[in-house]
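Notes to accompany the following structure.
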There are 2 protein chains.
Amino acid sequence: MRHNAAMLELAILGFLHDAPLHGYELRKRIAALTGHVKPVAESTLYPAIKRLEKAGLLARRTQPGAGAAPRHMLTLTAEGQAELRRRLAHPADADITDENRWFTVLAFLRHLEEPSAQAEVLERRMAFLRQPSSFFYEGDRPLRAEEVDDPFRRGILTVARATSQAELSWLRRTLDTLRAATDG
Amino acid sequence: MRHNAAMLELAILGFLHDAPLHGYELRKRIAALTGHVKPVAESTLYPAIKRLEKAGLLARRTQPGAGAAPRHMLTLTAEGQAELRRRLAHPADADITDENRWFTVLAFLRHLEEPSAQAEVLERRMAFLRQPSSFFYEGDRPLRAEEVDDPFRRGILTVARATSQAELSWLRRTLDTLRAATDG
DNA sequence: GTGCAATACATCGTTGTCGATGTATCGTCG
DNA sequence: CGACGATACATCGACAACGATGTATTGCAC
């Protein structure tokens, strides 16, 4: 289960948790979710479906094609639902640090039932965003935007800073709500 | 030259343009640049160096190791410099749309000599950020944060919006400066 | 004096990615 | 009626990613 694979599989499991879908429709939904940033090829999606099927996480029933060729309606099995929750509750480190992958986790995090489990995941992201890290260093010291001469590198730091602040403030608001839900 | 490979190769060429380095040092710089978001394994870096060497983009000279094992000092060849500029001037679409890859382009964009060539690349990013795209759709219409119920999906849209606004304003400022440099 | 971390590079095997290509049906436009 | 695009899925081959593992040296701490 390499880098992107985890993300793609998570998206498949997540979408199928909402409703049974066939591959082609799944493909369109994934394209809408991540396609404008990082498109997924058909020849990547179908093998991924097979992997998940082989692992018993989803089942397919062939239906006469509404439009054209026969459709393979895909349904999440009980194990599939359990696996989805496991992956959402305990994402790999790269799922927390890589924005693309993190957004995929967020897109399906509502499938975790416990607000406290959701909060735990958000807290991991918060810890990552809070640690002082840069893209450029002087020795071991992370450089701030003002200390970098190159305007393009300053841009990286400026944008990263704005993103991180916006996300931290959203995380704080959302965690407050989740904690209120747990206490109440 | 698949997905990540392009980004990794660009980083190698970019760092070597500044100064000759050996693989181990290269690895540390790449880790600083992108490692906290998306780490690169040693066993990915060394084959990448070999690919570039084989393509004649860089040359190596073996030196007695300062610390330990013999170092392979890597230098960018003339073709390597030309290739770096080519990749910077004409990035693939995914280099523009994927934030990780885009940041890598930005980190080395100063190696393009012409301010007008730099401006062209920034304009491609601006065009991408300006087109109305979401992560969630109702039919074909992109949904705004306020229209989405799920708090986590709202978070995605909120954060993406803040990033995109911060970056657009930085892009406008920087493009103004670049245009002033071209006119002046 | 020996284990351990850091330096520095390499290879191997498994798995994932993706472009190219193929197959088949249906609707529609001309 | 013939081309074309959308629907719907599949296979193949080349190549990239990466964990595991290996090799070899230096220096430091215990």
Side-chain angles (χ1 to χ4, degrees), chain A residues 1-12 20-31 34-35 37-55 58 60-74 92-95 98 100-101 104 139-140, chain B residues 1-12 20-31 34-35 37-55 58 60-74 92-94 98 100-101 139-140:
Chain A
M1 198 197 322
R2 209 66 89 255
H3 42 305
N4 287 331
M7 191 169 103
L8 177 56
E9 291 179 9
L10 187 65
I12 295 173
L21 296 171
H22 50 99
Y24 197 80
E25 177 62 26
L26 203 42
R27 191 179 169 243
K28 284 197 289 184
R29 304 229 178 164
I30 292 172
T34 60
V37 168
K38 198 182 189 89
V40 172
E42 267 186 293
S43 48
T44 303
L45 174 62
Y46 286 113
I49 290 175
K50 276 192 186 165
R51 278 201 304 278
L52 295 174
E53 194 193 1
K54 209 171 158 188
L58 51 85
R60 74 170 76 194
R61 284 167 301 153
T62 305
Q63 282 188 341
R71 290 172 164 180
H72 296 223
M73 278 313 258
L74 305 168
D93 281 343
D95 292 332
D98 183 327
N100 293 332
R101 296 177 61 162
T104 307
D140 274 345
Chain B
M1 196 198 325
R2 208 66 90 257
H3 42 305
N4 288 332
M7 192 168 103
L8 177 57
E9 291 180 10
L10 187 65
I12 296 172
L21 297 171
H22 50 100
Y24 198 81
E25 177 61 28
L26 203 42
R27 192 181 167 243
K28 284 197 288 185
R29 304 230 178 165
I30 292 172
T34 60
V37 169
K38 199 184 188 90
V40 172
E42 267 186 293
S43 48
T44 303
L45 173 62
Y46 287 112
I49 291 174
K50 277 193 186 164
R51 279 202 303 277
L52 295 173
E53 196 193 1
K54 210 171 156 189
L58 51 86
R60 73 170 76 195
R61 284 166 303 153
T62 304
Q63 281 188 341
R71 289 173 163 179
H72 297 225
M73 280 311 261
L74 304 168
D93 280 343
D98 184 326
N100 293 331
R101 297 176 61 161
D140 274 345

Is there a side chain to side chain contact (heavy atoms under 4.5 Å, CB included) between R27(B) and E42(B) once you walk through the steps? CA-CA 7 Å; R27(B) 192 181 167 243; E42(B) 267 186 293; 3.1 Å; yes

For the residue pair T34(B) and L8(B), establish whether any side-chain heavy-atom pair is separated by less than 4.5 Å. no

Below 4.0 Å: OP1/OP2 of dA8(D) and any side-chain N or O of R60(A): no

Mind running a 4.0 Å heavy-atom check of residues 45-53 of chain B against DNA chain C and sending the residues that fall below it, in number order? Y46(B), K50(B)

Over how many whole Å does the gap from R27(B) atom CZ to dA10(C) atom C1' extend? 14 Å

Could you work out, with salt bridge (Lys or Arg N to Asp or Glu O under 4.0 Å) as the rule, every residue matching R51(B), not counting sequence neighbours? E9(B)

Among dA17(D), dA8(C), dT17(C), the nucleotide that comes nearest once only the side chain of A5(B) is considered: dA17(D)

To the nearest Å, how far apart are M73(A) CE and dT7(D) P? 15 Å

To the nearest 0.5 Å, tell me how far L45(B) CG sits from I12(B) CD1. 5.0 Å

Which residues pass the salt bridge (Lys or Arg N to Asp or Glu O under 4.0 Å) test with K38(B), sequence neighbours left out? D98(A)

Please report the distance, rounded to the nearest Å, between CZ in R71(A) and P in dC9(D). 8 Å

Atom pairs under 3.5 Å: protein N/O with N/O of nucleotides 19-21 of chain D:
residue, atom, partner, partner atom, Å
dG19(D), N7, S43(B), OG, 2.8
dG19(D), O6, S43(B), OG, 3.1

Nearest-Å distance for atom pair CG/P, residues D140(A) and dA6(C): 12 Å

Using the test salt bridge (Lys or Arg N to Asp or Glu O under 4.0 Å), find all partners of K28(A) that sit at least two apart in sequence or belong to another chain. E25(A)

Can you list everything that forms a side chain to side chain contact (heavy atoms under 4.5 Å, CB included) with A55(A)? Sequence neighbours excluded, please. L57(A)

What is the distance, rounded to the nearest whole Å, between atom CG of N4(B) and atom C1' of dG16(C)? 11 Å

Not counting sequence neighbours, which residues clear salt bridge (Lys or Arg N to Asp or Glu O under 4.0 Å) with R60(A)? List them please. E53(A)

Tell me the interatomic distance from L8(B), atom CG, to dC18(D), atom C1', rounded to whole angstroms. 12 Å

Separation of dA16(D) C1' from K54(B) NZ (nearest whole Å): 14 Å

Here's a test of your reading of the structure: between K28(B) and V40(A), which maps to the more 5' nucleotide of DNA chain C? K28(B)

Would you please name every residue forming a side chain to side chain contact (heavy atoms under 4.5 Å, CB included) with A41(B), sequence neighbours left out? S43(B), T44(B)

dA8(C) C1' sits how many Å from R61(B) CZ, rounded? 17 Å

